[in-house]
Visitor: 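Take a look at this one; I'll ask things after.
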Amino acid sequence: MLAVPEMGLQGLYIGSSPERSPVPSPPGSPRTQESCGIAPLTPSQSPKPEARAPQQASFSVVVAIDFGTTSSGYAFSFASDPEAIHMMRKWEGGDPGVAHQKTPTCLLLTPEGAFHSFGYTARDYYHDLDPEEARDWLYFEKFKMKIHSATDLTLKTQLEAVNGKTMPALEVFAHALRFFREHALQELREQSPSLPEKDTVRWVLTVPAIWKQPAKQFMREAAYLAGLVSRENAEQLLIALEPEAASVYCRKLRLHQLLDLSGRAPGGGRLGERRSIDSSFRQAREQLRRYRHSRTFLVESGVGELWAEMQAGDRYVVADCGGGTVDLTVHQLEQPHGTLKELYKASGGPYGAVGVDLAFEQLLCRIFGEDFIATFKRQRPAAWVDLTIAFEARKRTAGPHRAGALNISLPFSFIDFYRKQRGHNVETALRRSSVNFVKWSSQGMLRMSCEAMNELFQPTVSGIIQHIEALLARPEVQGVKLLFLVGGFAESAVLQHAVQAALGARGLRVVVPHDVGLTILKGAVLFGQAPGVVRVRRSPLTYGVGVLNRFVPGRHPPEKLLVRDGRRWCTDVFERFVAAEQSVALGEEVRRSYCPARPGQRRVLINLYCCATEDARFITDPGVRKCGALSLELEPADCGQDTAGAPPGRREIRAAMQFGDTEIKVTAVDVSTNRSVRASIDFLSN
């Protein structure tokens with residue numbers, strides 16, 4: 001009996017043993033497409049483990065776009081002064097008393113589907129439309145969540161506007177990204193007229209860390225359509241994971257830029273105490289006498305004071321609480337350069353600020369009837385937007401210790417529409433409802449007690465805390481000292497108080513940056529300047545392909561037996577590239593070699609499979625699913641050409657995959673000619 005070779009991360013080439021063949025499985029089972037078959041290679045020596053440094057594109061400026069569920073914005077910095085981050089501060093319109101360094105994620109298209117406006121301009125223009133006219137306009141808000149929740153995301157996925165009309169999601173996202181592209185380039189031209197326009201910008205798009213590969217690829221495709229970068233210069237666009245970006249930014253903060261919710265300053269002094277960087281240097285120099293890897297090095301390397309006081313190996317959690325999701329990541333600080341290592345795969349869920357909005361909508365349904373609210377949203381979409389804006393303004397003022405009631409203005413069209421639909425006024429509806437904590441004020445507003453408002457927060461806030469507690473219970477996360485609370489929702493006093501009350505007793509220090517709503521955006525700029533700062537990540541899933549192995553009686557199921565040319569094969573074997581929760585370094589490669597099955601073959605297409613566990617044996621096991629396809633495009637001039645010493649069609653194509661970046665990447669080379677082969681992984685064609 002022959003033993004199957006052990007396949008490590010850098011393991012043997014596919015087909016490098018008589019026991020292992022990437023020949024497609026028989027009909028009726030998941031398989032590589034017939035038109036692009038693969039033939040096994042002769043034995044080949046296993047390559048040594050190799051971590052290749054990613055090639056960096058040349059650029060003069062980094063522009064980061066934080067594309068959020070409820071609000072979005074951009075910032076940039078020049079390569080000549082990477083830590084001088086320029087924020088966009090001149091958004092037109094806006095709500096009184098609210099900082100306008102971001103704009104609402106609202107898109108308005110004309111009845112013909114052409115771009116009209118984005119952000120405050122879109123919201124205000126839609127608000128001013130006649131109710132009848134507004135029915136024809138396409139207004140999109142909070143549409144980022146649709147990408148997260150779509151289980152069958154493709155390039156043809158549709159998004160529904162407020163008026164019920166649909167449009168391809170890819171076009172909606174491209175309209176929004178094109179708006180930011182034009183806005184940012186205009187500001188760059190004003191600030192630096194001599195800056196060349198072509199290939200000088202590295203773009204960064206932020207996405208939740210819990211997003212799967214199809215959603216990340218979708219954002220990249222939208223960026224291509226918007227003209228941010230071309231496919232030929234794909235490396236000019238980086239996908240940044242939101243909690244990672246926040247972590248990168250927090251590394252740079254000084255103590256007076258952080259709020260410790262326990263009442264302690266992170267450096268051990270009074271809350272808000274301003275310590276000079278020199279004092280941290282002196283402390284670090286003193287510690288240099290005690291141990292070799294001094295914290296001074298971290299400070300002098302640009303790492304902030306808090307990090308200078310942390311030792312190599314210290315661990316912390318970043319909780320990105322945004323509009324749509326909560327996103328958790330765990331990092332460990334590494335010496336000697338202050339790089340970051342992910343200790344546990346990104347986790348989280350749909351527990352963003354929109355959960356509070358949904359709770360308010362459910363409250364309205366209890367008072368006025370679910371059928372009425374649905375009809376009002378459909379027939380008076382602009383007025384519904386007005387109502388959500390009014391609630392958003394009061395939601396921002398909610399706090400755990402607020403004493404006074406909160407008044408929420410109802411649009412006149414809501415009051416009038418309800419009277420016409422029901423035959424009585426909204427005050428009567430409130431008296432008849434079972435909701436006792438919402439009254440009708442003499443000023444014509446909904447009057448909600450603070451306790452009632454806080455109750456709207458509870459399901460979402462409880463979900464966030466439960467996720468954090470579950471993460472902290474993991475053995476990989478033991479020893480965590482700090483929790484950074486970031487993201488737009490982290491501005492909420494209700495959330496801050498609840499997290500501190502639940503986790504402070506465990507000795508965990510809950511720290512909030514002062515510019516908490518901009519942490520991810522600023523961090524994305526820094527990430528674009530130095531994407532290698534996160535050195536090690538954890539794979540969220542197990543990835544691999546289906547292959548044929550030499551059939552071993554007693555170990556392989558009889559139903560998997562395939563006899564071909566007198567040889568006995570086991571079909572549908574799941575050959576693993578990388579395992580779920582496996583640590584993978586940036587630039588580390590998984591290499592496999594493939595050979596076209598026929599002379600003149602123009603394309604090799606191999607199905608990729610994934611699962612959440614690491615013990616799957618076959619691609620037909622429960623939980624294993626086809627998630628994408630690896631495509632190798634062969635040059636026409638080479639398709640039928642014989643390689644030196646090899647029969648026609650037996651050319652070796654060596655593919656190298658990287659799982660340690662924010663996206664799964666692949667490159668390939670024709671071994672005989674040493675020429676690059678166009679290689680890609682498609683996660684959106686399933």
Side-chain angles (χ1 to χ4, degrees), residues 54-69 71-79 82 85-88 91 102-103 105 107 109 114-115 117-119 140 143-144 147 153 155 157 159 167-192 195-208 211 213-242 245 520-529 531 661-663 665 680 682-684:
Q55 294 183 348
Q56 303 296 342
S58 60
F59 60 94
S60 302
V61 61
V62 168
V63 178
I65 301 173
D66 182 13
F67 197 95
T69 300
S71 61
S72 300
Y74 73 87
F76 60 91
S77 72
F78 295 96
I85 300 174
H86 302 260
M87 298 290 303
M88 172 61 197
W91 297 114
K102 285 188 177 183
T103 193
T105 308
L107 173 69
L109 306 180
F115 177 84
S117 52
F118 186 89
F140 298 89
F143 49 89
K144 180 182 175 184
I147 303 304
L153 180 65
L155 296 178
T157 296
L159 283 182
M167 188 174 186
L170 191 68
E171 294 184 26
V172 174
F173 277 80
H175 277 306
L177 293 178
R178 192 177 298 113
F179 165 82
F180 281 110
R181 174 186 178 275
E182 294 172 355
H183 216 294
L185 290 180
Q186 177 61 32
E187 185 167 356
L188 286 173
R189 284 191 290 267
E190 293 173 358
Q191 291 210 18
S192 182
L195 187 71
E197 290 192 11
K198 185 174 178 57
D199 300 332
T200 59
V201 178
R202 167 179 280 172
W203 297 90
V204 181
L205 286 181
T206 64
V207 302
W211 269 19
Q213 294 299 324
K216 296 177 185 178
Q217 182 184 340
F218 181 92
M219 290 299 292
R220 179 170 283 278
E221 294 290 340
Y224 292 152
L225 185 59
L228 265 67
V229 299
S230 65
R231 296 183 188 275
E232 292 71 27
N233 294 310
E235 69 280 355
Q236 294 288 137
L237 171 65
L238 298 180
I239 299 296
L241 308 183
E242 290 166 357
I520 293 164
L521 178 55
K522 293 181 177 180
V525 175
L526 296 176
F527 176 80
Q529 296 283 1
D661 213 326
T662 57
E663 301 172 274
K665 298 179 178 180
S680 61
D682 185 5
F683 293 99
L684 288 172

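Values reported hereafter were calculated over all heavy atoms of this structure, with side chains retained and with hydrogens, waters and symmetry mates removed.
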Visitor: Is a side-chain donor-acceptor pair under 3.5 Å present for Q186 with E190?
Guide: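 A donor-acceptor contact under 3.5 Å links the two side chains.
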Visitor: Check the pair K216 / Q213 against side chain to side chain contact (heavy atoms under 4.5 Å, CB included), numbers first and verdict last.
Guide: CA-CA 5 Å; K216 296 177 185 178; Q213 294 299 324; 3.8 Å; yes
Visitor: Answer yes or no: is there a side-chain heavy-atom contact under 4.5 Å between L177 and W203?
Guide: no
Visitor: Tell me whether D682 contacts the main-chain N or O of L684 through its side chain, where contact means a donor paired with an acceptor under 3.5 Å.
Guide: yes
Visitor: Where do F67 and A176 come nearest, in terms of heavy atoms and distance?
Guide: CE1-CB, 3.5 Å
Visitor: Could you go through L107 and F115, starting from their C-alpha distance and side-chain angles, then the distance that decides it, and tell me whether this counts as side chain to side chain contact (heavy atoms under 4.5 Å, CB included)?
Guide: CA-CA 8 Å; L107 173 69; F115 177 84; 3.5 Å; yes
Visitor: Within the side chain of T200, is there an N or O that forms a donor-acceptor pair under 3.5 Å with the backbone of S60?
Guide: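 Checking the backbone N and O of S60 against the side chain of T200, no donor-acceptor pair under 3.5 Å is found.
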Visitor: Please give me the minimum heavy-atom distance between Q236 and V201, naming the atom from each residue.
Guide: NE2-O, 2.9 Å
Visitor: Below 30° counts as parallel, above 60° as perpendicular, anything between as tilted: where do the rings of F143 and F140 land?
Guide: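 The rings of F143 and F140 stand perpendicular, inter-plane angle above 60°.
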Visitor: Is there a side-chain contact between L526 and I85 in this structure, where contact means two heavy atoms from C-beta onward sitting under 4.5 Å apart?
Guide: yes
Visitor: What closest approach, in Å, do T105 and S72 show between heavy atoms, and which atom pair accounts for it?
Guide: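 So the minimum-distance heavy-atom pair works out to OG1-OG, 2.7 Å.
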Visitor: Atom CD of E171 and atom CG of L155: how far apart are they, to the nearest 0.5 Å?
Guide: 11.5 Å
Visitor: Okay, side chain of R231, backbone of Y224: is any donor-acceptor separation there less than 3.5 Å?
Guide: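 Pair absent, no side-chain N/O of R231 close to backbone of Y224.
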Visitor: Any idea which heavy atoms bring V63 and A184 closest together, and the distance?
Guide: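 Closest approach of V63 to A184: CG1-CB, 3.9 Å.
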Visitor: Go through the steps to decide whether E187 and Y74 satisfy the test side chain to side chain contact (heavy atoms under 4.5 Å, CB included), and finish with yes or no.
Guide: CA-CA 11 Å; E187 185 167 356; Y74 73 87; 2.4 Å; yes
Visitor: Take V204 and V62, measure what side chain to side chain contact (heavy atoms under 4.5 Å, CB included) needs, and give me the verdict at the end.
Guide: CA-CA 7 Å; V204 181; V62 168; 3.9 Å; yes
Visitor: If you look at every heavy atom in A215 and L153, which pair is closest and at what distance?
Guide: CA-CD2, 3.6 Å
Visitor: Would you indicate whether the side-chain heavy atoms of L237 and E235 approach each other to under 4.5 Å?
Guide: no
Visitor: So how far is it from L109 CG to F118 CZ, rounded to the nearest 0.5 Å?
Guide: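 Reported to 0.5 Å precision, the distance equals 11.0 Å.
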Visitor: Can you check whether S77's main-chain N or O pairs, donor with acceptor, with Q529's side chain at less than 3.5 Å?
Guide: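 Present.
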Visitor: Locate the shortest heavy-atom distance separating K144 from T206; write the atom from each residue and the value.
Guide: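 Closest approach of K144 to T206, heavy atoms only: NZ-O, 4.4 Å.
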Visitor: Between the side chains of R220 and Q217, does any donor sit under 3.5 Å from an acceptor?
Guide: no
Visitor: How long is the span from the CZ atom in F218 to the CD1 atom in I147, to the nearest 0.5 Å?
Guide: 4.0 Å
Visitor: Rounded to the nearest 0.5 Å, what separates atom CD in E242 from atom CG in L205?
Guide: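 E242 atom CD to L205 atom CG measures 10.5 Å (nearest 0.5 Å).
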Visitor: As an exercise, state the distance from OG1 of T103 to CZ of F180, rounded to the nearest 0.5 Å.
Guide: 7.0 Å
Visitor: Got a sec, which residues hit side chain to side chain contact (heavy atoms under 4.5 Å, CB included) with L225, two or more places apart in sequence or on another chain?
Guide: L170, A174, R178
